[in-house]
Structure formats: structure tokens, C-alpha cells
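Data block below; observations after.
Just the heavy atoms: all of them, side chains too, but no hydrogens, waters or symmetry mates, feed the values below.
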Amino acid sequence: HAYRRDPEYTEKKPATRKSYDANLRLIETKWGDASVASFTKPVIREWYLTLRRTAGETQAVRLVGMFSILFGFAEMKGWRTEGANPAQRIKMKIPAPRARVATWAELDALVASADRLGLPDVGTACLLSALQGQRQTDVIQATRGDFRRMKVVGAASVWAWRVDRSKR
């Protein structure tokens, strides 16, 4: 609860806070009554292994990662000794990234559905996401002024999107 009141949390973007909240609820359900000082690396490692078996590698890594953030916060508050984060270096197996590739037919269907529903901006967002590889937040925040027609040597002019990525 103290973490959720701290600027380290409150100044994060809404999408990040939403993701964190989901993880924090699960941590609180399991560990809400436990003292911050009572956690050890073996306890966190066993919980990680249990999560891997019951919830999958991705969920296990996410929850232990969130716990690591909480323990880092606890260090800053003086609730744990500096450098005593039991969620660090517990030899987690990092899952392979998801690789989902939409077919051209699927992309065309998304755009056609958006147009049929009178939501051409949604179709444009689908195309920007798929063809530019930008984060959802960058696509949603794009404005008409972010796009410029540019001359290309030896070709017709093209539209260019000036975007400052929200993350690396």
C-alpha cells in the first residue's frame, strides 16, 4: 500500500500502473500478511518454482520481478537492509518472447472491420502497429501533425511519421 502511494508508482504511466496492479493484487493475496523482513532468497525461489509449475514461466517471472521492485522500495524505506533483495539472482528461466505474426488476410480483415464499424482510426492504428512496430501508447497518442509528406529521391513522395518512442 505504501508503494502505491509513492511517486515511484504514482508517476508511472496508466498502462504500467494497470499491469503493476494486477501483479500487486496476486502478491497481496499470497503474501499480504507476511512481514517484509521475513522473506529470504530460498522462500522466493520456492515460490518462483511453484509459480512456474502452476501459472507458467511468464507469470512466474513477472510476479517475482514485481516482488523485486517491492523489495527495492522496502530498501529505500529502511524496511530491508541495502542490497538484501531476496528476489534478485534466483536463477529464473526467462521465457522465449512470444512470436505472433498476423497474416495479410488477418490485417486486411481488421482494417475492413474497423471501416465497417465507422472506426477508420482503429484501422489506421492497426496498420501503424503492424507495419511500424510501435508500442500501443505511441500509436494511440499519434496525431495528424506527426505525419509529413516527404520527397524521396527517385520515387514518389511518401508519408513519414515523426515519433518519439515511449520506450527504447
Check: [X] side chain, [Y] main-chain N or O, donor-acceptor pair, under 3.5 Å:
X: Arg5; Y: Thr10; result: no
X: Arg149; Y: Val158; result: no
X: Asn23; Y: Tyr20; result: no
X: Arg148; Y: Ala160; result: no
X: Ser38; Y: Ala34; result: no

Are [X] and [Y] close enough that some pair of their side-chain heavy atoms sits under 4.5 Å apart?
X: Ser157; Y: Val152; answer: no
X: Leu63; Y: Tyr48; answer: no
X: Met92; Y: Val64; answer: yes
X: Ile69; Y: Glu8; answer: yes
X: Lys30; Y: Leu26; answer: no
X: Trp31; Y: Val43; answer: yes
X: Lys93; Y: Arg52; answer: yes

What's the shortest heavy-atom distance between [X] and [Y], and which atoms?
X: Lys41; Y: Arg89; value: NZ-O, 3.9 Å
X: Val111; Y: Gly123; value: CG2-O, 3.8 Å
X: Ala87; Y: Ile44; value: CA-CG2, 3.9 Å

Nearest 0.5 Å, please: how far is [atom2] in [Y] from [atom1] in [X]?
X: Leu131; Y: Leu107; atom1: CG; atom2: CG; answer: 6.0 Å
X: Ile140; Y: Gln134; atom1: CD1; atom2: CD; answer: 12.5 Å
X: Met66; Y: Ser19; atom1: CE; atom2: OG; answer: 8.5 Å
X: Cys126; Y: Asp108; atom1: SG; atom2: CG; answer: 11.0 Å
X: Glu11; Y: Thr16; atom1: CD; atom2: OG1; answer: 13.0 Å
X: Leu128; Y: Gln136; atom1: CG; atom2: CD; answer: 13.0 Å

Going by the ring-ring contact (aromatic ring centres under 6.0 Å, His included) test, which pairs reach into [range], not counting sequence neighbours?
range: residues 107-142; answer: none
range: residues 83-132; answer: none
range: residues 128-160; answer: Phe147-Trp161

Under the rule for side chain to side chain contact (heavy atoms under 4.5 Å, CB included), what residues qualify as partners of Ala15, not counting sequence neighbours?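 None.
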Given side-chain contact (heavy atoms from CB on, under 4.5 Å), test Leu110 with Glu106 step by step and report yes or no. CA-CA 6 Å; Leu110 286 170; Glu106 289 172 321; 5.7 Å; no
Is the distance between the ring centroids of Phe73 and Tyr9 under 6.0 Å?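 No - the distance between ring centres of Tyr9 and Phe73 does not fall below the 6.0 Å cut-off.
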Hydrophobic cluster (4.5 angstrom, side-chain heavy atoms) - remaining members for Val122: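 When side chains under 4.5 Å apart are linked, the cluster holding Val122 also contains Leu117, Leu119.
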List the steps, then state whether side-chain contact (heavy atoms from CB on, under 4.5 Å) holds for Asp21 with Arg4. CA-CA 9 Å; Asp21 284 341; Arg4 283 189 175 124; 3.3 Å; yes
For residues 68-85, pull every pair meeting side chain to side chain donor-acceptor pair (under 3.5 Å), keeping only residues two or more places apart or in separate chains.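 Listed once each, the pairs are Ser68-Asn85.
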Pair Val139, Gln132 - check side-chain contact (heavy atoms from CB on, under 4.5 Å), show working. CA-CA 9 Å; Val139 172; Gln132 295 293 318; over 6 Å; no
